[in-house]
Number of protein chains: 2
Amino acid sequence: MRTSTDRRRGYASGDARRERILHIATQEFAEHGYRGTSLARVAERAGLSQPGLLHHFRTKEQLLVAVLELRDQRDMERFFADEAAGGLDLLTALVRVVEHNSRTPELVRLFVVLTSEAVTADHPAQDWARARYERLRAWVADALRRAAGAGEVRPGLDADATAARIIALMDGLQTQWLLDPDAIDMPALFRAHIDELLATLRPRA
Amino acid sequence: MRTSTDRRRGYASGDARRERILHIATQEFAEHGYRGTSLARVAERAGLSQPGLLHHFRTKEQLLVAVLELRDQRDMERFFADEAAGGLDLLTALVRVVEHNSRTPELVRLFVVLTSEAVTADHPAQDWARARYERLRAWVADALRRAAGAGEVRPGLDADATAARIIALMDGLQTQWLLDPDAIDMPALFRAHIDELLATLRPRA
DNA sequence: TAACAAACCTACCGAGTACTCGGTATCGGG
DNA sequence: CCCGATACCGAGTACTCGGTAGGTTTGTTA
């Protein structure tokens with residue numbers, strides 16, 4: 001039986017194949033970036049011909065978009081399943097995200113590589129990267145504002161600026177960590193930052 | 001007349017041409033990354049044929065290395081000409097660097113794009129990126145240690161961790177700023193971080 | 001001014017790129 | 001069982017890529 005969400009868009013075998021393709025494409029984009037990834041190689045690893053691959057995703061750009069959408073969706077699920085963090089709890093939840101990231105370097109590499117590649121001219125992930133940062137900043141800033149409203153935070157805090165800085169630190173640490181995992185204890189460094197931030201944020205420390 | 005440093009390695013016209021090529025290649029690498037840059041386009045903009053370009057730089061990788069070396073050298077000159085910052089003065093000097101960067105987005109883009117592209121497999125700038133981070137971290141950490149030795153800083157500071165975090169913040173802010181310059185006031189955000197850091201570092205604030 | 005290297009050029013190569021065309025086999029619902 | 005959609009594949013398109021071979025022009029120097 002077919003549910004209404006299945007827009008009679010293919011067979012089960014096709015769905016499985018698409019899933020496999022997305023899995024492999026995620027690895028390839030993470031390892032070589034968008035420009036460095038070739039459809040031929042993705043197709044080969046997925047066990048079909050290159051035109052066969054393009055049957056499922058009509059262009060390379062469409063494949064990239066599908067990969068990014070799947071990743072965003074999975075990350076959302078994982079984070080919100082974890083718990084719905086309210087005010088300042090969001091910050092400790094972010095620490096847990098970074099700890100999880102340190103166990104999945106391939107996914108971290110995907111984001112680092114693609115977001116930076118996106119600052120080049122005419123890159124297909126440009127809008128995605130911009131929107132993602134905007135969303136992340138708004139998300140953290142809102143949590144900070146809610147914390148301020150609940151009296152968890154001393155007044156006068158610039159929520160937007162603090163949010164941008166938290167996210168910048170996460171990103172910057174990821175780059176250093178990917179290049180030299182032994183030299184950089186990413187979770188510890190991020191946790192230290194959040195701890196100091198919390199110490200200065202409390203109304204009367 | 002030829003000085004002894006000119007290792008009879010070409011004519012003056014050739015030197016000028018090489019300089020022009022490096023200037024253009026810097027722009028191209030910044031705008032399209034290493035993989036997205038084509039020698040044909042660099043050659044065209046420099047006003048010679050593509051084999052003519054390869055006469056001066058025998059491979060694409062060699063051209064990249066030359067660009068990076070020139071940039072590192074120029075940046076060193078600029079920074080150390082500014083002043084020899086000792087202990088905590090280095091931090092305020094870094095703020096000035098960020099302010100200067102915010103006026104030269106093309107050079108910021110060069111570093112952001114290439115360092116992140118370098119975390120992909122078999123990238124020619126990998127060693128350069130690793131070495132650069134190591135150097136930057138050691139540089140900032142040393143300054144912090146010297147400040148601690150001079151009593152400018154309360155004891156118990158983890159110089160290496162603090163250095164890594166400062167640099168991570170600089171990098172992360174650059175990415176957000178390049179994607180959305182209007183939304184991110186990069187110098188202000190970095191200055192705020194340094195100010196807070198200085199406040200917590202002083203022996204008895 | 002002769003000799004020689006530097007600074008190019010045209011022509012070309014093999015490999016790789018994303019993508020298309022025109023088919024065929026296979027699967028699932030009526 | 002049949003029919004249409006799906007899931008492919010082989011062959012090829014038009015192009016770009018970095019790099020090479022071999023020659024000619026230009027500039028410097030002895």
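Note that the coordinates shown come from a computational prediction; the quantities given were computed from them, not determined experimentally. We use all heavy atoms of the structure for the numbers below, so side chains are in, but hydrogens, waters and symmetry mates are not.
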Sugar-phosphate, base or nothing in reach of A/Ser38, heavy atoms under 4.0 Å: sugar-phosphate

Take the protein atom CG of A/Leu39 and the nucleotide atom P of C/dT20, then report the distance between them rounded to whole Å. 11 Å

Ion pair check, B/Asp89 and B/Arg146, cut-off under 4.0 Å: no

Nucleic acid contacts of residues 17-37 of chain A, taken as heavy-atom distances under 4.0 Å to DNA chain D: A/Arg17, A/Arg18

Decide whether a cation-pi geometry holds between B/Arg71 and B/Phe29; the criteria are a distance under 6.0 Å from NZ or CZ to the six-membered ring centre and an angle within 45° of the ring axis. no

If you compare every side-chain N and O of B/His55 against the phosphate oxygens of C/dA7 (OP1, OP2), does one of them come in below 4.0 Å? yes

What about the rings of A/Phe190 and A/Trp177, do their centers lie closer together than 6.0 Å? no

How many Å lie between CG on B/Asp15 and P on C/dC8, as a whole number? 11 Å

Students often mix this up, so state it plainly: with edges at 30° and 60°, are the rings of B/Phe111 and B/Trp128 parallel, tilted or perpendicular? parallel

Short N-O contact, A/Glu117 and B/Arg35, less than 4.0 angstrom: no

Separation of C/dG16 atom P from A/Lys60 atom NZ, nearest Å, is 15 Å

Minimum heavy-atom separation for B/Leu179 and A/Ala129, please, with both atom names. CD1-CB, 3.8 Å

Quick one: on DNA chain D, does B/Ser13 or B/Ala40 contact a more 5' nucleotide (nearest heavy atom)? B/Ala40

Please state whether the phosphate of C/dA6, meaning OP1 or OP2, lies under 4.0 angstrom from any side-chain nitrogen or oxygen of B/His56. no

Students often get this wrong, so: under 4.0 angstrom with heavy atoms, is B/Leu54 touching a base, only sugar-phosphate, or nothing? base

Rounded to the nearest Å, what distance is computed from the CD atom of residue B/Gln50 to the P atom of nucleotide D/dC17? 9 Å

Value in whole Å for how far the P atom of D/dG18 lies from CG of B/Asp122: 17 Å

What's the CD-P distance between B/Glu44 and D/dC17, to the nearest Å? 11 Å

Find the distance B/Leu53:CG to C/dT10:C1' and express it as a whole number of Å. 16 Å

Any N/O donor-acceptor pair, A/Tyr11 side-chain to D/dA7 base, under 3.5 Å: no

Would you mind telling me which of C/dA18, C/dA11, C/dC21 lies closest to the side-chain atoms of A/Pro51? C/dC21

Between A/Gln73 and A/Glu77, does any side-chain donor sit less than 3.5 Å from a side-chain acceptor? yes

Contact class for B/Leu48 vs. all strands (heavy atom < 4.0 Å): base, sugar-phosphate, or nothing? sugar-phosphate

